Asker: 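Got a structure here, written out as structure tokens. Questions coming.
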Protein chains: 2
Amino acid sequence: MLKKRNVMTIGTLAKTAGVGVETVRYYQRRGLMSEPEKPYGGIRHYDEQALARLHFIRASQWLGFSLDEIGELLTLQDGAHCDEARELGEQKLTSVRRKISRLQQVERALNELVQKCSSGHGDVYCPLMASLNDGVEDATTDKHKVR
Amino acid sequence: MLKKRNVMTIGTLAKTAGVGVETVRYYQRRGLMSEPEKPYGGIRHYDEQALARLHFIRASQWLGFSLDEIGELLTLQDGAHCDEARELGEQKLTSVRRKISRLQQVERALNELVQKCSSGHGDVYCPLMASLNDGVEDATTDKHKVR
DNA sequence: ATTGCTTCCGTAGTGAGGTACGGGTCTAAG
DNA sequence: CTTAGACCCGTACCTCACTACGGAAGCAAT
């Protein structure tokens with residue numbers, strides 16, 4: 001082994017990871033990736049570690065972690081902080097579950113409204129609109145606070 | 001009957017609907033609500049119609065419509081466009097269902113990772129971190145494109 | 001009449017996660 | 001040698017739905 005590190009420019013790195021060059025630079029500004037030293041006069045080069053870091057970031061994002069949270073995860077990188085990492089994971093899991101059940105409520109309400117519209121009616125009015133007008137049955141006591 | 005319209009200032013209107021004054025003004029700027037004429041020298045007043053409009057907007061938001069989409073819904077207000085409204089509702093329903101199933105994938109992946117962390121391991125490494133490092137099993141072929 | 005809360009209005013800032021621009025420098029191909 | 005295409009870097013801009021700011025003017029109670 002001892003294969004020579006396969007070296008990339010930022011463009012190649014970005015393409016390989018499926019993100020834009022600007023995105024990589026943005027992660028560097030956010031402190032999620034380091035900027036390699038640039039050799040006299042020119043272009044920085046990146047290795048598989050940089051690529052792995054990018055994969056880590058995207059995987060974490062896919063799980064719903066924000067870039068700030070990913071920064072936190074990255075400080076736990078050495079494996080000695082498994083408990084903290086699990087804690088973060090559990091919090092995220094909870095928030096994902098909340099989102100799911102909220103969306104399921106929305107699904108039920110919306111489905112019902114659409115059904116009512118489809119099943120022919122007096123024509124003079126629209127059940128969906130009517131419901132919107134008086135607040136949609138089912139905002140199950142968490143009125144307001146949409147965001 | 002013929003009860004005199006119960007008249008409100010913007011502050012009362014906003015509080016009654018559970019939103020901020022600035023939010024009402026914002027909706028006016030967005031064209032979702034009209035600004036009543038102001039009587040010589042001063043303060044505009046709002047009636048139940050304005051309140052109903054605010055309820056309509058919040059109910060629609062709760063269902064996942066964006067303010068732009070709500071503007072569109074509002075043009076269909078007269079009940080004669082039930083088909084168009086239903087169409088919009090169906091599109092939204094589809095997108096809600098997509099979100100749900102995406103989140104359910106995330107839930108499964110995250111749950112598995114957290115479980116692995118909890119069930120004691122060699123200590124030298126963290127299963128969650130390890131998975132993040134090599135991309136999380138289960139990004140089920142929709143790699144990248146998190147947003 | 002003075003205090004003190006609202007309203008009015010335009011403009012600007014927030015947060016998240018980027019994307020775009022523009023001017024300058026490098027490098028590789030022809 | 002020239003030219004096309006990366007790269008470097010800072011700064012500005014984008015979307016979405018608000019939220020804040022600041023000064024002037026109105027209104028209600030003391």
Side-chain angles (χ1 to χ4, degrees), chain A residues 7-47 50 53-54 56-74 92 95 99 144-147, chain B residues 7-47 50 53-54 56-74 92 95 99 144-147:
Chain A
V7 158
M8 299 170 271
T9 68
I10 195 173
T12 315
L13 172 69
K15 190 173 294 175
T16 308
V19 304
V21 168
E22 301 302 328
T23 304
V24 174
R25 290 185 25 75
Y26 175 65
Y27 291 164
Q28 292 173 335
R29 289 200 297 276
R30 294 276 308 229
L32 299 177
M33 299 188 60
S34 54
E35 308 187 41
E37 296 303 313
K38 69 172 174 181
Y40 313 94
I43 284 159
R44 301 178 203 283
H45 39 68
Y46 298 82
D47 59 12
R53 173 60 59 97
L54 230 24
F56 183 101
I57 294 170
R58 301 308 271 190
S60 304
Q61 275 190 306
W62 185 79
L63 290 174
F65 291 99
S66 70
L67 296 185
D68 277 353
E69 289 168 329
I70 294 169
E72 202 172 341
L73 283 173
L74 286 167
K92 194 50 61 181
S95 93
K99 277 184 202 161
H144 317 299
K145 289 171 272 182
V146 169
R147 300 179 70 184
Chain B
V7 158
M8 298 170 271
T9 68
I10 196 174
T12 315
L13 173 69
K15 190 174 295 175
T16 308
V19 304
V21 169
E22 300 302 328
T23 305
V24 175
R25 290 185 26 72
Y26 175 65
Y27 291 163
Q28 292 173 336
R29 289 199 297 276
R30 293 276 308 228
L32 299 178
M33 300 187 60
S34 53
E35 308 187 40
E37 295 304 315
K38 69 171 172 181
Y40 312 96
I43 284 160
R44 301 177 203 282
H45 40 67
Y46 298 82
D47 59 12
R53 174 60 59 96
L54 231 22
F56 183 101
I57 294 171
R58 301 308 271 191
S60 305
Q61 276 190 305
W62 185 79
L63 290 174
F65 291 99
S66 70
L67 295 185
D68 277 353
E69 289 167 329
I70 293 169
E72 201 172 340
L73 283 173
L74 285 168
K92 193 50 60 179
S95 93
K99 276 183 204 161
H144 316 302
K145 288 171 275 183
V146 168
R147 302 179 69 184

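Computed from a prediction, not measured in an experiment: that's the story for all the values here. Quick note on labels: first sequence line is chain A, next is B, and so on, each numbered from 1.
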Asker: Mind calculating the distance between CZ (A:R29) and P (C:dG18) to the nearest angstrom?
Answerer: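 Taking CZ of A:R29 and P of C:dG18, I get 11 Å after rounding.
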Asker: Go through C:dG17, D:dT19, D:dC7 for me and flag the one nearest to the A:L67 side chain.
Answerer: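 Closest of the options to the side chain of A:L67: C:dG17.
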Asker: According to a strict under-4.0 Å criterion, is B:Y27 in side-chain N/O contact with OP1 or OP2 of D:dA17?
Answerer: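 False: B:Y27 side-chain N/O out of range (4.0 Å or more) of D:dA17 OP1/OP2.
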Asker: Spell out yes or no: do the side chain of B:R25 and the base of C:dG10 have one donor N/O and one acceptor N/O closer than 3.5 Å?
Answerer: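 Indeed there is one.
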Asker: Can you give me the closest heavy-atom contact between A:V7 and A:H45, atom names plus distance?
Answerer: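 Nearest pair, atom of A:V7 first, then A:H45: CG1-CB, 3.3 Å.
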Asker: Roughly, in whole Å, what's the span from CZ in B:F65 to C1' in D:dC16?
Answerer: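 That distance rounds to 17 Å.
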Asker: From the options D:dC9, D:dA6, C:dG18, select the nucleotide whose nearest atom is closest to the side chain of A:E35.
Answerer: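 Looking only at heavy atoms from C-beta outward on A:E35, the closest nucleotide is D:dC9.
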Asker: Under a 4.5 Å cut-off applied to non-hydrogen side-chain atoms, are A:F56 and A:I70 in contact?
Answerer: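 Of all side-chain heavy-atom pairs linking A:I70 with A:F56, at least one is under 4.5 Å.
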Asker: Using a cut-off of strictly less than 4.0 Å, decide whether A:R58 has a side-chain nitrogen or oxygen near OP1 or OP2 of C:dG17.
Answerer: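 For A:R58, the contact criterion (side-chain N or O under 4.0 Å from OP1 or OP2 of C:dG17) is not met.
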Asker: Are any of B:K38's side-chain N or O atoms less than 4.0 Å away from OP1 or OP2 of C:dC9?
Answerer: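 So the side-chain polar atoms of B:K38 do come within 4.0 Å of the phosphate oxygens OP1 or OP2 of C:dC9, strictly under.
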Asker: Starting at atom CD1 of A:I43, determine the distance to atom P of C:dG24, rounded to an integer number of angstrom.
Answerer: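 Computing the A:I43:CD1 to C:dG24:P distance gives 18 Å.
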Asker: Give a yes or no on whether the backbone of B:G71 and the side-chain of B:D68 come within a donor-acceptor separation of less than 3.5 Å.
Answerer: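 Answer holds: no.
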Asker: Can you tell me if A:Q61 touches the phosphate of C:dG18, counting only side-chain N or O atoms and a distance under 4.0 Å to OP1 or OP2?
Answerer: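 Answer is yes, contact under 4.0 Å.
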Asker: Measure from CZ on B:R44 to C1' on D:dC27 and round the result to the nearest Å.
Answerer: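 Rounded to the whole Å, the gap is 17 Å.
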Asker: State the OH-CG distance between B:Y26 and B:L32, to the nearest 0.5 angstrom.
Answerer: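 Between atom OH of B:Y26 and atom CG of B:L32 there are 8.5 Å.
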Asker: In whole angstrom, give the distance that lies between atom CD of B:Q28 and atom P of D:dA17.
Answerer: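 So the two atoms are 18 Å apart, to the nearest Å.
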Asker: Return no unless some side-chain N or O of A:T23 is found under 4.0 Å from OP1 or OP2 of C:dT19.
Answerer: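 Checking C:dT19 against A:T23, a side-chain N or O does come within under 4.0 Å of OP1 or OP2.
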Asker: For A:I10 and D:dC9, give me the distance from atom CD1 to atom P, rounded to whole Å.
Answerer: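 That distance rounds to 9 Å.
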Asker: Rounded off to whole Å, could you give me the OH-to-C1' distance for the B:Y26 and C:dC9 pair?
Answerer: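 Interatomic distance, OH of B:Y26 to C1' of C:dC9: 17 Å.
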Asker: From CD of A:E22 over to P of C:dG18, roughly how many Å is that when rounded to an integer?
Answerer: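 Roughly 12 Å, once rounded to whole Å.
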Asker: When you look at CD of A:E35, are more than 12 heavy atoms from neighbouring residues, nucleotides or ligands closer to it than 6.0 Å?
Answerer: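 Atom CD in A:E35 is crowded, with more than 12 foreign heavy atoms closer than 6.0 Å.
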Asker: Go through D:dC18, C:dT19, C:dG17 for me and flag the one nearest to the A:R30 side chain.
Answerer: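 My answer, after comparing the listed nucleotides, is C:dG17.
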